[in-house]
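Remarks on the structure that follows.
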Amino acid sequence: MSLTLFNVILAVFVVICFVALNAAYLVYAERKGAAFFQRRPGPMENGPWGLLQPIPDGIKLMTKQLLVPGGVDKAVFITAPVLAMFPALVSFVTIPFSSSIVAHPIEVGVLLIFAFAALGSMSLLVAGWSSRNKYSMISSVRAVSQAVAYEIPLMITTITVVMISGSLNLTDIATRQLDGIWAWHIWPLQADVGFNLLMPVSFLILFVCSVAETNRAPFDLGEAESELVAGFHTEYSSMGFGLFFMGEYANIVIGACLTTILFLGGWSCPFGDLGFFPLTHNVGWFLLKIYLIIFVFIWIRWTFPRTTIYGLLNLSWKYLIPISLFNLLLTAALLKVF
Amino acid sequence: MGGYFSELFSGTKSLIDGMWVTLKEFPKRPVTLNYPHQSVPMYRRYRGHIELIPGDEGGTNCVVCGMCERACPSNCITITSEKPEGSKKKVLTGYRLDFTTCSLCGSCVESCNFNAIRFSNEYNLASTRKEDFIFDLMARLKEQQS
Ligand code: SF4
Ligand code: SF4
């Protein structure tokens with residue numbers, strides 16, 4: 001696909017629509033999910049089963065007054081929410097939804113996503129820093145220490161997969177797993193992974209890290225309401241808060257996409273190439289997988305209480321990093337031997 | 001080192017157990033009610049504000065003895081009555097309850113020897129205006145009977 005101006009504008013438009021719709025309806029799904037796990041009906045008032053709830057939510061968010069508290073570092077304060085939303089948008093450019101649907105395939109797509117993920121945690125840092133509020137400050141310090149701790153095992157695990165598939169291009173990584181469910185990277189003892197037993201463990205590490213990366217419960221130390229009011233976005237109102245919110249949900253989708261592509265075969269059908277039903281063929285499977293993963297995200301959030309910051313860092317430094325490192329070395333050795 | 005792995009396994013297992021618990025709850029029906037549209041029936045002995053008991057042949061059982069008015073420690077009750085021409089008995093014309101100071105003590109209900117007042121089951125009371133809590137119980141009774 002040639003990168004004409006029209007293509008770019010179309011891609012950006014589609015991506016923004018996708019992200020905004022996702023954010024709106026993931027909030028709805030989150031509320032419904034929470035309700036079902038707690039045996040409540042959830043939102044019911046607007047539309048059938050409350051399906052129109054995101055619209056008034058959005059209107060409420062947009063029509064509120066945008067407050068800039070006195071004494072904040074104004075330029076940085078206003079940039080931070082944009083900085084939270086923008087990387088999430090850009091990351092979608094390189095994510096392949098099927099063999100043909102990708103805004104712009106980039107050779108180093110994995111790298112790009114990680115680079116922008118780091119930018120996302122920077123937005124938390126500057127948001128807390130510029131707010132002139134000690135709760136926000138503590139929160140951003142926590143968010144950054146968390147991001148550092150969890151990006152390492154995330155990267156190491158990704159490197160493991162990259163080593164197996166020999167490419168940093170997300171499309172290539174997914175294409176390798178197209179021959180049915182047993183070709184997915186999640187399974188142990190595959191011939192072309194060097195019969196590595198620990199692949200499911202790698203998948204688990206990647207999954208835990210992507211939950212932690214999105215700052216969601218039980219890893220939402222950055223916005224621990226009981227301790228820090230609302231953390232880094234305490235001082236943000238209206239769409240300032242809205243952008244953080246949308247960024248968070250966009251990050252969830254990206255995390256789910258990444259997990260799907262790296263370990264769950266991307267857009268491949270679990271039963272080999274069936275070749276019919278255009279909708280369930282490629283994109284359909286991909287969307288099904290990411291929404292299943294998002295369901296698990298919601299499930300986790302409404303099951304576990306928040307951990308402590310020490311528990312959080314211990315989990316990463318004592319368990320995830322050593323195990324993922326071990327798996328990296330093991331994979332390297334096995335790939336060499338077989 | 002032994003503690004390291006046993007902690008890892010017990011931790012993972014407890015997390016999976018927890019997720020199983022919530023997953024089992026997920027498909028079940030809600031236990032809460034969709035409040036303004038559905039609500040639980042109020043308990044029979046719930047003490048709402050007092051109301052007049054409808055009399056056997058229309059009207060009320062009240063004989064305007066004034067005991068309730070006197071029994072109320074907060075002066076919530078104001079009774080008005082009149083004596084029709086050629087009748088010996090007074091007839092109740094107005095029963096006003098100022099619920100803003102009522103403590104739901106029950107002295108009025110207890111002091112009535114003619115089974116004329118009781119506690120209602122009214123619990124949906126909310127307003128921003130004080131006047132909304134001054135009830136005309138005669139009018140309320142008429143409304144309920146019609
Ligand atoms: S319940 Fe007590 S306070 Fe209320 S009206 Fe009766 S006597 Fe007065
Ligand atoms: S005590 Fe009973 S009968 Fe007497 S005035 Fe009050 S309500 Fe009527």
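Every chain is numbered from 1 and lettered A, B, ... according to where its sequence line falls, protein lines coming before strand lines.
Using a 4.5 Å cut-off on side-chain heavy atoms (C-beta onward), B:Glu110 and B:Cys105 make no contact. A heavy-atom distance below 4.5 Å is found between the side chains of A:Met44 and A:Lys32.
Taking every heavy atom of both residues into account, B:Leu125 and B:Phe133 meet most closely at CB-CE2, 3.9 Å.
For B:Gln144, the CD atom sits in a packed shell: over 12 heavy atoms of surrounding residues, nucleotides or ligands are nearer than 6.0 Å. Counting non-hydrogen atoms of other residues, nucleotides and ligands closer than 6.0 Å to CD of B:Glu143 gives a total of 12 or fewer.
In this structure a side-chain-to-backbone donor-acceptor pair under 3.5 Å is present from B:Arg47 to B:Leu104. Although no hydrogens or angles enter the test, the distance criterion places no donor-acceptor pair under 3.5 Å between the side chain of B:Ser74 and the main chain of B:Cys76.
With sequence neighbours excluded, the residues satisfying salt bridge (charged side-chain N to carboxylate O under 4.0 Å, His left out) with B:Arg118 are B:Glu51.
Contacts between residues 10-26 of chain B and chain A, defined by a heavy-atom separation under 4.5 Å, are made by B:Leu15, B:Gly18, B:Met19, B:Thr22, B:Leu23, B:Glu25, B:Phe26. Against chain B, the residues from residues 300-309 of chain A that qualify, each with a non-hydrogen atom under 4.5 angstrom away, are A:Ile300, A:Trp302, A:Thr303, A:Phe304 in number order.
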Name the atoms and distances for all side-chain donor-acceptor pairs under 3.5 Å in residues 318-329 of chain A, with sequence neighbours left out.
from, atom 1, to, atom 2, distance (Å)
A:Tyr319, OH, B:Glu7, OE2, 3.0
A:Ser324, OG, A:Leu320, O, 2.8
A:Ser324, OG, A:Ile321, O, 3.0
A:Asn327, OD1, A:Asn196, ND2, 3.2
A:Asn327, ND2, A:Ser202, OG, 2.1

